[in-house]
Amino acid sequence: MHCLGGVMIHHGYTHQYSNTANPYTAVTGDDCEFYRITGSSDGVLTYVGPLPPDTDSNWAQGRFDS
């Protein structure tokens with residue numbers, strides 16, 4: 001295998017934030033996990049930042065372990 005400088009990241013597996021639209025429907029596969037995103041009526045997305053629980057290393061480790 002030849003590496004071209006890529007970086008492996010954990011994107012998440014539920015792709016949602018609780019029952020809050022983030023930014024669309026709060027449905028798996030449609031929204032984001034780990035990072036808060038809001039959307040305006042004209043379709044502009046604002047990337048707000050990491051969600052508070054995700055900055056707790058114990059909580060985050062549990063997600064990785066899952």
Side-chain angles (χ1 to χ4, degrees):
M1 178 179 198
H2 183 69
C3 180
L4 298 176
V7 176
M8 180 86 69
I9 65 167
H10 187 305
H11 177 63
Y13 62 92
T14 62
H15 303 104
Q16 62 191 47
Y17 175 50
S18 186
N19 61 353
T20 302
N22 190 34
Y24 301 113
T25 64
V27 174
T28 299
D30 195 24
D31 280 348
C32 295
E33 182 176 29
F34 303 122
Y35 207 85
R36 181 71 173 122
I37 301 171
T38 59
S40 66
S41 60
D42 60 357
V44 174
L45 298 179
T46 301
Y47 293 78
V48 179
L51 294 163
D54 298 344
T55 60
D56 177 298
S57 61
N58 291 324
W59 182 88
Q61 186 63 53
R63 297 296 283 182
F64 281 102
D65 292 345
S66 293

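Atom set for the values below is all heavy atoms of this structure, side chains included, hydrogens, waters and symmetry mates excluded.
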Notebook entry, point to check: Same cluster for V48 and L45 if Ile/Leu/Val/Met/Phe/Trp/Tyr side chains link at under 4.5 Å?
Noted result: no
Checklist line | Qualifying residues under side-chain hydrogen bond (donor to acceptor under 3.5 Å, both in side chains), relative to T25, sequence neighbours excluded | finding: D30
Next item on the list: Search all heavy atoms of P23 against all heavy atoms of T38 and return the closest pair with its distance.
Entry: CB-C, 4.0 Å
Check: Any side chain to side chain donor-acceptor pair (under 3.5 Å) pairs touching residues 39-48, not counting sequence neighbours?
Finding: S40-D42
